[in-house]
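Written out below as structure tokens is the structure these notes cover.
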Amino acid sequence: MKTVTGLMAAMLALGVSATTVKADAVPDAPKFDAQGKVTMVGVGDILEYKALPSYNEPDFVKALEKDGKLPALKDRLPKEPMVYKTGNMKDGIGVYGDVMRHVIGGRPDGWNYSAGQSQGWGGIDIGLSECLTRTGPLFQVKAEELQPLPNLAKSWDWSKDGMELTMHLIEGAKWSDGVPFSADDVMFYWEKNVLDTNVHPLNGANPGTFGEGTTLEKVDANTIKWSFKTAFPTQVLYAMAYGTFCPGPAHILAPQHPANSKNTYDEYKNAFPPTYSNMPTMGAWVEVDYKPDNIIVLRRNPYYWKVDEKGNQLPYLNEMQYRLSTWADRDVQTIAGSGDFSNLEQPENFVESLKKSADPAAPARLEFGQRTIGYALEFNYSANGWGDTDANSVAVHNLNRDLNFRKAVTSMLDRQRLGESLVKGPFTAIYPGGLFPGTSFYDKASTVYYPFNVDAAKADLAATGLKDTDGDGIVNFPKDVNGGKNVEITVLGNADYQSDKSLVDGVVAMGEKVGLRVIPKLLSGKDHDAARDAGKYDWEVLRQSSEMVTAVQQTDHLAPIGPNTTDFHKAGADGKVDLMDFEQKLVDIVNKFIGAKDSKDRVALMKEFQKISTENVYKAGLTVYPGALMINKRFANVAPGAPIFMYNWAEDNIIRERVFVPKDKQSKNELFPDTLPGKPGSAPGEGLVK
Ligand code: BQZ
Ligand code: CA
């Protein structure tokens, strides 16, 4: 790439960036045939809702029922339970018994998911939080039939003009403590946790998530009605799935909400610490025991509202365990056979895991999917008070707002080398930013890529007005900015993952080559998530969420359509997000996309999004690669080709409530055999029904 000084001067005058590098087409990803062929089906092939002539349950539950310890099964099931179709179950009708032993790297804050508490990730919140619709299993649904699966909402009708959506909730279902589920639970979540901006539900549901000006009302105990500002915004159904619309038990939460008590919002959020056991759920398993830094144990929910076609109440597995360890240990334990499930998502473990699982005697099956794991370098754009407000941070945030600076950053990145620093071989691919290559809304022609070029990067830094005025190899701010000091950039990374640490190291080293001092800020677990959510960083190396894979899930993460919908640009002290010009265009595109009626409109809008965001280096993409699902071989009904991450994580995608272990392969690993969850608020391990 040549920089032509004359042309450069002219372009500078136009305020256009100094580099004359033509945006290249991003190189094609190396061939990597994902294993595991997915059989594409229709929604109706997976499930339906209907009453069956008779129902069945595990023998130990029958015995407890005979002892009068819980109501009869037919009174614990809804009128028309969800019925999973046998044709979609690879190994057919299952049998009861056994446990799935997860290993996770997170730790539980408490059980108030609606108020933003994490339970430690790794599938625990995915299982506990049933939502209006469900998207994880959509990886197997034909494109022409693609729309979120019914879940707590069993069906819905659009008004003729498409401005209203009437949703019919599952009728007669009960929380795991026997209290009826109803529209009141939905309205409490919507009014007191989403619309109340003092509450920040986990995974970030915002009023804007559901379309600007959208309202929701209760029609009757089993019916709710959405009203929209645009006609047929069909893709908001994705926002009613996991992450953003998973109502909690209003009978337990509402009394602690500041609207109904003297509690502060913080006291509401923290009213259900991890030692509060048997928190009612609509999920298949209920938390019954917690030992700090050791384990969380869940037992089957006797009121679960899903069955198989023979009328067997689900789940088949009686127990779920989450060992509280590290994410790397999850891979190790699953390969060794002491754990049962892992999303192999850290490339540093790929080769070892592949070697170990090649052994026919290996306890776990390993299957790679598509390249749906990816990282980007995110810029904190706030110049009005979100995040750190010291002079250096404000000065760096202002640099981030300068396209010349962002072009320098993207050109300093040798993405090929970054990928290889994680794992050699055909796995990783260059990722310029924007939607992931190869995904349904991705359009290569709309993707602008600034190739690795140290000279261009240095020219862009000079064009930004940064020069090493004191000759120590680090560029300085202009003399009237931040005292003309060296530019020092804090980059946040997640210390829980080797991959994140490797990429941070790469960014620091590549910064040094062009004269940028980048200082790593590696934080673990909730400290990391808290710093991420509060913008306590200048840059962030962050694993991207499902909006970069599907665009229809977590769409409001694509641009700041609301005060806190993106990870990298939230509202400042004045409640406003200080949008840059091109960013306003992205906000408008995302709002149109959320309100879009036809898929062809959505395709056109995402092409526009991809072009504007990549040519403006909205994020500096780093690398993308495939994950692999590792699961113990004793489990049946795991759909082939289930991706570890697409609309959601594999913990949702494989539909754990219909996974089973054949009688002859069952382990004796249940920790609370023949017991059921007990009274909400019991001490850990106490109050079980036995
Ligand atoms: C998968 C996932 C299930 C969160 C979390 C964790 C948090 C983030 C992200 C992944 C873990 C596992 O990811 O890495 O494989 O099991 O839990 O939720 O990284 O720190 O905040 O977004 O999902
Ligand atoms: Ca210097």
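Quick note: numbers below take in every heavy atom, side chains included, and nothing from hydrogens, waters or symmetry partners. Throughout, numbering of the chain's residues begins at 1 and tracks the sequence. Order of listing sets the numbers, starting from 1, for every ligand and every atom in it.
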Going by the atom numbers of ligand 1, which of them fall below 4.0 Å from some non-hydrogen atom of Tyr497? 6 (C), 11 (C), 12 (C), 13 (O), 14 (O), 19 (O)
Option nearest atom 2 (C) of ligand 1 (shortest heavy-atom distance, choices Gly122, Ser524, Ser546): Gly122
Under a 4.0 Å threshold between the charged nitrogen and the carboxylate oxygen, would Asp529 count as salt-bridged to Lys526? no
Subset of ligand 1 atoms that lie under 4.0 Å from at least one heavy atom of Trp327: 11 (C), 12 (C), 17 (O)
Under 6.0 Å between ring centres: does that hold for Tyr189 and Phe245? yes
Could you check, using the six-membered ring where one of them is a Trp, whether Tyr647 and Phe139 have ring centers closer than 6.0 angstrom? no
Heavy atoms only, cut-off 4.0 Å: how does Arg330 contact ligand 1, side chain, backbone, both, or neither? side chain
Salt bridge (charged side-chain N to carboxylate O under 4.0 Å, His left out) with Lys356: which residues, sequence neighbours excluded? Glu352
The Ca ion (ligand 2) contact by Ile474, N, O or S atom under 3.0 Å: yes
Closest heavy-atom approach to atom 8 (C) of ligand 1 among Arg532, Gln119, His528 is made by Arg532
Sub-4.5 Å side-chain heavy-atom contact between Ile126 and Trp121: no
Please check if the distance between the ring centroids of Tyr618 and Phe568 is under 6.0 Å. yes
Of all the N, O or S atoms in Asp472, the one nearest to the Ca ion (ligand 2) is OD1
Of all the atoms in Asn476, is at least one N, O or S atom closer to the Ca ion (ligand 2) than 3.0 Å? yes
Proximal ligand 1 atoms for Gly123, defined as those under 4.0 Å from one of its heavy atoms: 3 (C)
I'd like the atom name of the N/O/S atom in Asp468 lying closest to the Ca ion (ligand 2). OD1
Atom 10 (C) of ligand 1 sits nearest the protein heavy atom Glu345 OE1, 3.4 Å
Checking Glu651, Arg330, Gln321 against His102 for side-chain contact (heavy atoms from CB on, under 4.5 Å), the one that qualifies is Glu651
Roughly how far, to the nearest 0.5 Å, is OH of Tyr431 from OH of Tyr375? 12.5 Å
Atom 13 (O) of ligand 1: the protein heavy-atom neighbour that sits closest, reported with distance to 0.1 Å: Arg543 NH2, 2.9 Å
Show which atoms of ligand 1 fall inside a sub-4.0 Å distance from at least one heavy-atom site of Glu651. 1 (C), 16 (O)
Asn380 and Asp538: CA distance, side-chain angles, deciding distance, side-chain hydrogen bond (donor to acceptor under 3.5 Å, both in side chains) verdict: CA-CA 5 Å; Asn380 182 329; Asp538 299 325; 6.0 Å; no
What do you reckon, is CZ of Arg323 surrounded by more than 12 foreign heavy atoms closer than 6.0 Å? no
Can you tell me which N/O/S atom of Asp470 has the shortest distance to the Ca ion (ligand 2)? OD1
Contacting atoms of ligand 1, where contact means under 4.0 angstrom from a heavy atom of Asn343: 1 (C), 10 (C), 15 (O), 16 (O)
Using a 4.0 Å cut-off to any heavy atom of Trp649, which atoms of ligand 1 qualify? 1 (C), 2 (C), 3 (C), 10 (C), 15 (O), 18 (O), 23 (O)
